[in-house]
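Notes for the one structure printed next.
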Amino acid sequence: MNAEGFRALFEPRAVLVAGVSTHPGKFGFVSLHNILASGYAGGVYGTSREVGEVLGIPIVASLDDLPDGVIDLVFVCTPAAANAELLRACAGKGIRAAFLASAGYGEAGEEGEALQAELVALAEDLGMLVAGPNGQGVVSTPAQLCAQIVAPYPPAGGIAIASQSGNFISSFMNYAVQTGVGVSRAVSAGNAAQVSIPDYLEFFASDPVTTVILAYVEGVPDGRAFYERTRAVAAVKPVVLVKGGATAGGQRAAASHTGSLASDDRVFDGMCRQAGITRAATIEEAFEVAATFATQPLPRGNRVVVLTTAGGWGVVAADAITRSSLILTPLPEDLRAALDGRLPPRWSRNNPVDLAGAETRDTIPEVIDLIVGHPEVDAVVYLGLGIQSNQAALMRSGPFYPDHGLERIVSYHERQDARFAQAAADASQRYAKPVLTATELAVTHPDNAGPAAVRASGRICYPTANRAVTALDHLWRHVRHRQHGTGA
Amino acid sequence: MPTLSEADSKTRLAAYGIPFPDERRVTTATEAAAAAATLGYPVVLKLGGDTIAHKTERGLVRLRLGDAAAVEEAATSLLAAATPADGAVHLLVAPMLSGQRELIAGLHHDTQFGMTVMLGVGGILAEAVADVAFRLVPVSRGDAASMIDDLATQKLFGPFRGEPAVDREALVDVIVGLSAAAVADPAIVAADVNPLIVVDGQPVAVDALVEVA
């Protein structure tokens, strides 16, 4: 691994944008804008055929006019034909990494492929790490670096992302903005000419600010090497992967029955299981699973209790658990007795723990603590958060507010929901067990006091119980894989 | 790529612990009857040869033969069914095994990931149901155990219609054995162990086909 090159890519002391444009719609403007707008503290330089000043940065015509040994990373927006000469000059200035947004390489026919092969040879020759080409950029929150031609700049966190599609980098980071579960590094691999997805994954495995790795792949050019390398990475940190084109390449005509059953996707799926890769079915599932790894303790077992303030939610959550590798554990007798002591008789007295509206002011925090703390419970899914604040929102916007006692009750409900969310996070931390909160209010009314408090606790509020269960199921499969040493 | 005869396929895999029934390879009807007497009735009789792959389709398998006369008659008729294109042929005499659960296992060379090993639910609906799990060769015992867990039809592995649960360790042995065969014998490019019948909870490879490079 070119450790120095990765350091230059993700932690540059100064950045050069090559091919700066004055046109705010061009890559050469947008990338400079994004670097400056996101608070990058290092030096920023620009080159262009047109000298002058863009966004307050002096733009020079030649690298000769830039200081030596100061700049680590060049963000390249110049045409492919100009890049060989540019990179040689950059190497002369001590630049150790380049991100090429330029198109016109491997994706552009035979001529482009030849250019791409030359680019790789040149990168090796210069000892420079060359990311891309034809990529959207690189993000690194520890360096407050947003060197990309797209938005957004995500909040800081533990998720590192590498993608064969730059747009999915954006999608994942949009989810990071929405949920508040942040990103450490993100890189669009583009054509992955010199630096491939496994290269990034290996760097992320060694990266102290990264706790979980998220990858989008379509093709895997060298399947065996991908398997061996990703398996080693997954032994260090969770790797969540979503694969595009999963349904392409169906069964082939084969002489053997085994061969006719060996679709690309089945083999890929087996490879993931063996490597300990968490394979997600969809983009949103991939992000939510990564966010769960990043923010929840790993479960020590698969016994789950569902806590709900009202009926149907719990029933559907129980169905989802039944279809997963998790167990809807029967309520332990001593826990049932303890809950009896705090709830009027109409609660469900089983799992799901359905409070049936029986709660009073302090019931929910107490019940959460009792359930999460019980030694025969490994994880909790908590439903119904925010329901009272939702009513409060209607009261607040209605014609009678703040009279008739509405101001007081609205404020009470909002305080209570924030308190319940905090109680879930506190119990999770205290007992080192996953406690997942789910409500559609997380997306329908994200400002609701419940989901807002979940976000404030640094966790993700799942939009449905099913999605919380799916995430928890992946965590448990990951734990079981490690316990059984499969893939070893 | 040549496909080995059933008998040669089994010989090729038996060294790696694939559980095959005790069976005899003979060339005459008299020898077949003698072999059947040793194995105990009922028996299965199959015509084998280097170029004979699809025995069932050609009617070259006789099941549930209950006595010496039945064996000799079937043997004579099978030997007569051989065509010059079949080349040298032989008879396989095997005990008639019965079990209600059929599995399938095999080896397949994937263009992207190289040699893989498979376990699946077998029987005539195997390809339609496609309840299968793959892993890359070589596999650990843990990998093999997780393949069993991956199959959707978990009820097949518990006690089933009066038969005991499948011996999972024995099934792991089959998967690990196929993987070991692929590693040690690189000439093997594909293999089917089909059906892998569960007899009193134990997997037994009733038929096998190996393709070599």
Side-chain angles (χ1 to χ4, degrees), chain A residues 217-231 235 243 245-277 279 302 322-325 473 476-488, chain B residues 1-3 9 53-54 104-124 126-147 149-150 152 154 172 178-179 188-196 207-211:
Chain A
V217 301
E218 285 173 4
V220 179
D222 182 347
R224 249 320 142 150
F226 183 90
Y227 163 67
E228 301 285 354
R229 298 175 67 187
T230 309
R231 188 176 76 164
K243 182 174 185 296
T247 53
Q251 291 97 317
R252 293 177 205 84
S256 69
H257 291 281
T258 305
S260 64
L261 284 160
S263 70
D264 288 351
D265 195 54
R266 288 182 194 133
V267 172
F268 192 88
D269 205 61
M271 182 280 294
C272 287
R273 298 272 284 118
Q274 194 168 6
I277 296 168
R279 188 182 180 195
N302 62 342
T322 306
R323 286 189 296 266
S324 75
S325 67
D473 186 36
W476 169 240
R477 287 172 183 272
H478 170 86
V479 167
R480 201 172 50 173
H481 179 88
R482 289 203 166 171
Q483 283 174 348
H484 292 187
T486 51
Chain B
M1 281 174 280
T3 302
S9 295
H54 300 286
I104 177 171
L107 293 168
H108 167 72
H109 190 273
D110 181 78
T111 50
Q112 200 169 22
F113 291 102
M115 190 56 87
T116 63
V117 61
M118 185 207 69
L119 175 72
V121 174
I124 53 170
E127 282 176 35
V129 172
D131 188 6
V132 294
F134 283 85
R135 294 291 185 271
L136 310 191
V137 165
V139 294
S140 66
R141 293 189 72 82
D143 291 331
S146 76
M147 291 172 76
D149 293 336
D150 273 4
Q154 283 298 309
V172 165
L178 279 171
S179 170
I188 297 177
V189 293
D192 274 341
V193 175
N194 179 34
L196 189 61
D207 198 353
L209 272 187
V210 172
E211 270 180 65

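All chains are named by letter (A, B, ...) in the order of the sequence lines, taking the proteins before the strands, and each is independently numbered beginning at 1. All values reported here derive from a predicted model rather than from experimental measurement.
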Query - Verdict with supporting geometry, A:Val267 and B:Gln112, side-chain contact (heavy atoms from CB on, under 4.5 Å) - result: CA-CA 9 Å; A:Val267 172; B:Gln112 200 169 22; over 6 Å; no

Gap between atom [atom2] of [Y] and atom [atom1] of [X] - 0.5 Å precision:
X        : Y        : atom1 : atom2 : value
A:Leu261 : B:Leu119 : CG    : CG    : 11.0 Å
A:Asp265 : B:Phe134 : CG    : CZ    : 11.5 Å
B:Ser146 : A:Arg480 : OG    : CZ    : 8.5 Å
A:Arg266 : B:Asp110 : CZ    : CG    : 12.5 Å
A:Thr258 : B:Leu107 : OG1   : CG    : 7.5 Å
A:His257 : B:Ile104 : NE2   : CD1   : 6.0 Å

Report task. For chain A, find which of B:Val117, B:Thr116, B:Val137 contributes the most heavy-atom pairs closer than 4.5 angstrom. Result ->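 Ranked by heavy-atom pairs under 4.5 Å with chain A, first place is B:Val137.
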
Requested in this report: Taking all heavy atoms of A:Arg224 and all of B:Phe113, pick out the closest pair and write down the distance.
Outcome: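 A:Arg224 and B:Phe113 have their closest heavy atoms at NE-O, 2.7 Å.
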
Query raised in the report: Within the distance-only criterion (no hydrogens, no angle test), does the side chain of A:Gln274 pair as donor or acceptor with the backbone N or O of B:Leu136 below 3.5 angstrom?
Result: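 Side chain of A:Gln274 to backbone of B:Leu136: a pair is present.
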
